[in-house]
Structure formats: C-alpha cells, structure tokens
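Below is one structure; the comments refer to it alone.
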Amino acid sequence: MIKPLTSWRFVFAILVFLSHMWFLEFEADPWVVDIHNYFFMEGFIGVSFFFILSGFILSYSYQEKILNGTTSFSSFWKARFARIYPLHLLTLLMAMPLMLHESFINFVNKLILNALLLQSFIPSDGFYLTFNAVSWSLSDEMFFYLCFPFLVFLLVSTRNRWLALLPYFIIVPIGIYLTRDVFHHALFYVNPILRTGDFVIGMMLYKLYANRKDIEYLNNRRFASVAEVFTVLLLGAFIYFHDQVAIGYRYSIYYMLPMSLLVYVFAYSKGVISDILSNKTLVFLGDTSFSFYLLHILVLRYYIILQEKYAFIPHGYAAAAIILAVTIAGSIIAYKYYEIPMNSYVKKRLSDSRKTPKARVTAYERYKGIPAGRAGEANMPV
C-alpha cells in the first residue's frame with residue numbers, strides 16, 4: 001500500500017461528491033455559488049484520477065505475478081470481482097426504490113445492464129446514470145480488469161507500450177471535433193473503450209516507476225517535497241484555467257498531465273505533503289473511499305426526497321454538510337462490516353484449487369515459447 005496515494009483517493013472522492021451537490025448553485029450567498037460553479041463542478045476529474053491510479057496500482061500489485069505465472073488470469077479476475085461486486089450489488093439494491101417510476105420493461109432492462117456492469121457501453125444517460133448513477137465507472141473498471149492481463153503482455157515491449165496509446169491521442173481529439181457537445185459525456189467521459197487510455201497511462205507510469213524507483217531524484221526528500229508542491233499547484237492551475245478548454249477535452253485528455261504527475265510523484269512518498277497524507281486517519285478514509293464513492297449519490301437522492309416531504313430538513317450548504325457526514329459514517333460502517341468481510345468471503349468461494357501441476361508453464365513462458373521446466377532461463381523484463 002502506498003499511503004499518500006491511498007489518501008488522495010479520499011481527496012478525489014470528496015471532489016466527486018462536491019460536483020454532485022447541484023443545489024448549491026441556488027444558494028443565496030454569491031460566494032457559495034461562485035465556488036460551486038467554478039470549482040466544485042469540476043470535481044468530476046476525480047474519476048480520471050481513479051482510472052489512472054487503478055492502472056498503476058494493479059500493475060504494482062499484479063504485473064510480475066501475471067508475468068511469472070504465480071497469478072493466473074482467472075485468479076486475477078476473481079479477485080477483482082470479489083473486490084468491487086459485493087458493494088456494487090448492495091448499492092444496486094439500495095437504489096431500486098429510486099427506479100420504481102420506470103415501466104416494468106425499462107426497469108428490468110436497466111437492472112440487468114447494471115447488474116452485469118454493462119451500462120456504460122450504452123451511450124445514453126438514460127441507461128448509464130440509472131440506479132446508483134456512479135456505478136457506470138465500475139462498468140468501466142470491470143472492462144479494464146478484463147483487459148489488464150492482456151495489456152500486461154502488450155506493454156512488456158517498450159515499442160508496443162507507446163504504440164498502445166497512439167490511437168487514443170488521435171481518436172479522442174478528432175472525435176471531439178467531429179461530434180456535438182451533447183455526446184461528449186457519453187463518448188469521452190463514460191465509454192469504457194475510450195477511457196481505457198487513462199488506465200493504460202497508469203500502467204505505463206508503473207513501468208516508469210519500476211525502472212527508476214532506485215535512481216529517481218524523487219528519492220531525495222528536498223527534491224521530492226518541491227516536486228509534490230509543484231504537482232499540486234499544477235493541478236490547481238489546470239482547474240483554474242478550465243473554462244478556457246472545451247468540456248470534451250476536460251472529460252478526456254486535458255487533466256492527464258497533472259493527474260499522471262500526481263500519481264508518479266506521490267508513489268515515492270518522500271516529500272512533506274506525503275508525510276501529511278500518510279496520517280493514519282487520512283489513509284483509513286482513503287481505504288473507505290470506494291464505499292464513500294458508491295454511497296454518496298444514494299445519500300444525496302434520499303436526502304432530497306426527505307426535503308420534499310419535510311420542510312424542516314436543512315437546505316443549502318447545511319444540507320451538503322449533513323450529506324457528507326452521513327456518507328462518511330455510512331462508508332466507514334460499510335467498509336468495516338460489509339466490504340472487507342464480503343471481499344474475503346467471495347474470494348474464498350471463488351478461489352482456485354491449491355494443487356500445482358508438476359510441469360507448470362507460466363503465462364510468460366507461453367508468451368515467449370519457453371518449454372516447461374526452463375523458467376530459470378527466461379530473462380524477465382523489469
């Protein structure tokens with residue numbers, strides 16, 4: 001576990017949370033409205049961070065295991081399913097009452113898509129924002145997980161590694177130019193095929209990190225501290241100037257530079273900001289960020305329903321504070337008493353047989369055509 005990156009997960013989950021506090025736009029205080037419209041509404045960038053970080057951390061945890069065959073493709077997929085699906089299923093059930101206004105056919109169709117985590121492939125917010133709306137990103141993540149073992153082998157070669165991103169940086173700008181703004185959210189922010197670019201960048205950042213972790217200047221505390229401050233200020237500058245950039249680019253490639261630097265620099269954990277982010281409370285909140293992310297939109301929607309029925313329920317930024325507190329409390333409970341136990345339970349139920357074949361051929365050996373029993377002769381890539 002890289003503690004500062006874990007804490008950053010909570011920071012960006014809060015940004016996503018703030019971007020969904022739409023009612024702040026109607027506050028009487030002009031400063032609240034200005035902050036909401038200029039800063040909070042840009043909080044959707046948290047998803048970009050999650051996707052890049054996912055590629056980095058999965059490579060950090062699984063790349064060598066997949067290459068040397070100690071983790072099979074199926075074992076990896078089962079572990080990732082156990083990680084995200086139990087909480088997704090719980091929040092999907094919690095969201096069902098919010099969809100009772102739909103016709104029976106629409107309800108069933110959308111429920112099946114959400115249950116199978118396929119909703120983000122449908123380029124319509126009438127599908128990918130239904131039930132627990134934020135679960136569209138889990139649909140993307142599940143697609144990334146399916147691709148990950150194959151991408152590991154694709155990116156073994158330095159040449160192939162960079163070629164893998166070339167189509168992304170060609171297709172996205174051309175696509176944004178040729179399509180109307182109304183389609184940009186579905187195509188360039190939600191579509192899992194195009195968002196794979198974020199995930200691959202995370203994987204490539206890990207390759208860079210793995211090759212340089214012992215020699216990088218970021219191992220020097222003074223340099224690392226300056227780099228951390230610079231990276232945070234750079235992200236702030238990108239947010240500050242966001243109104244100069246079309247929304248389609250902000251949904252896709254605009255924030256990739258500061259997000260990539262953030263992941264790479266804080267992976268070393270050597271600077272003063274890393275010291276702050278390594279605080280036990282912040283790291284714990286980072287661990288709960290997955291629960292926080294999936295619960296917050298449900299807390300918001302049920303709170304709005306209560307507001308409509310009971311006039312004494314607070315509005316405005318008081319409401320945002322209550323929703324935040326309830327979501328944090330709910331995410332801590334869900335993390336400790338549901339997410340962790342269910343992850344272990346599902347892993348156990350799906351675990352592979354412990355028996356090891358006598359002449360096992362690893363995935364990397366198959367990839368390079370190395371005969372069984374000659375693993376020691378393989379020159380494994382860094």
Side-chain angles (χ1 to χ4, degrees), residues 8 11-26 32-55 119-129 133-134 136-137 139-141 143-144 162 164-202 204-205 230-264 293 297:
W8 273 117
V11 173
F12 281 102
I14 291 291
L15 287 180
V16 174
F17 170 89
L18 291 172
S19 73
H20 292 145
M21 298 297 106
W22 54 266
F23 51 82
L24 293 177
E25 184 178 354
F26 307 104
V32 174
V33 177
D34 290 343
I35 292 175
H36 173 267
N37 291 339
Y38 197 82
F39 180 71
F40 290 174
M41 288 300 290
E42 209 65 8
F44 64 83
I45 66 176
V47 176
S48 298
F49 174 80
F50 296 146
F51 288 168
I52 294 173
L53 181 64
S54 180
Q119 68 270 37
S120 63
F121 287 90
I122 310 299
S124 167
D125 58 10
F127 286 91
Y128 63 73
L129 292 183
V134 296
W136 69 263
S137 62
S139 178
D140 284 23
E141 286 281 1
F143 178 73
F144 302 158
W162 296 107
L165 276 179
L166 187 60
Y168 180 78
F169 285 102
I170 294 175
I171 292 171
V172 169
I174 294 175
I176 291 172
Y177 177 77
L178 294 178
T179 56
R180 294 166 53 192
D181 290 357
V182 69
F183 299 119
H184 288 173
H185 188 265
L187 295 178
F188 304 107
Y189 186 63
V190 172
N191 184 274
I193 297 174
L194 290 179
R195 291 313 296 266
T196 304
D198 301 65
F199 184 77
V200 171
I201 284 175
M204 293 171 63
L205 285 174
F230 170 79
T231 301
V232 172
L233 291 177
L234 181 66
L235 177 60
F238 270 69
I239 295 173
Y240 183 80
F241 291 107
H242 77 265
D243 58 344
Q244 307 297 316
V245 181
I247 188 65
Y249 294 99
R250 283 152 46 208
Y251 281 151
S252 53
I253 59 178
Y254 175 64
Y255 287 105
M256 279 189 172
L257 175 61
M259 291 298 184
S260 298
L261 282 175
L262 196 76
V263 170
Y264 184 74
Y293 177 75
I297 202 74

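Quick note: residue numbers are just sequence positions, from 1.
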_Where Tyr168 and Leu194 come nearest, the two heavy atoms and their spacing_ = CE1-O, 2.6 Å
*If you take all heavy atoms of Ser252 and Ile176, which pair is closest and at what distance?*
OG-CD1, 3.6 Å
*asked:* Using 30° and 60° as the class boundaries, would you call the ring planes of Phe51 and Phe144 parallel, tilted or perpendicular?
replied: perpendicular
_Check: Phe50 and Asp198 side chains under 4.5 Å, non-hydrogen atoms_ = no
*Starting at OG1 of Thr179, measure out to CZ of Phe188 and round the result to the nearest 0.5 Å.*
4.0 Å
_Exceeds 12 heavy-atom contacts within 6.0 angstrom, atom OH of Tyr38_ = yes
*Taking everything shown except Phe230 itself, do over 12 heavy atoms lie less than 6.0 Å from its CZ?*
no
*Is any side-chain heavy atom of Tyr251 less than 4.5 Å from a side-chain heavy atom of Val190?*
no
*Which heavy atom in Ile297 sits nearest to a heavy atom in Ala133, and how many Å separate them?*
CG2-N, 4.2 Å
_Using the ring centroid of each side chain, check whether Phe121 and Phe127 are separated by less than 6.0 Å._
no
*Mind checking whether Tyr254 and Phe238 have parallel, tilted or perpendicular rings, split at 30° and 60°?*
tilted
*asked:* Aromatic contact between Tyr249 and His184, with the criterion being ring centroids under 6.0 Å apart: yes or no?
replied: no
_Quick check: closest heavy atoms across Ile201 and Ser260, and the distance to 0.1 Å?_
CG2-OG, 3.3 Å
*Taking the side chain from His242 and the backbone from Ile239, do they hold a donor-acceptor pair closer than 3.5 Å?*
yes
*Evaluate the side-chain proximity of Ile14 to Leu18: yes if any heavy-atom separation is below 4.5 Å, no if none is.*
yes
*For residues Tyr128 and His185, report the shortest heavy-atom separation together with the two atoms involved.*
OH-ND1, 2.9 Å
*Does CE belonging to Met256 count more than 12 external heavy atoms closer than 6.0 Å?*
yes
*Is there a donor-acceptor pair under 3.5 Å between the side chain of Tyr189 and the backbone N or O of Phe44?*
yes
*Which atom names give the shortest non-hydrogen contact between Val47 and Tyr293, and what distance separates them?*
CG2-OH, 3.9 Å
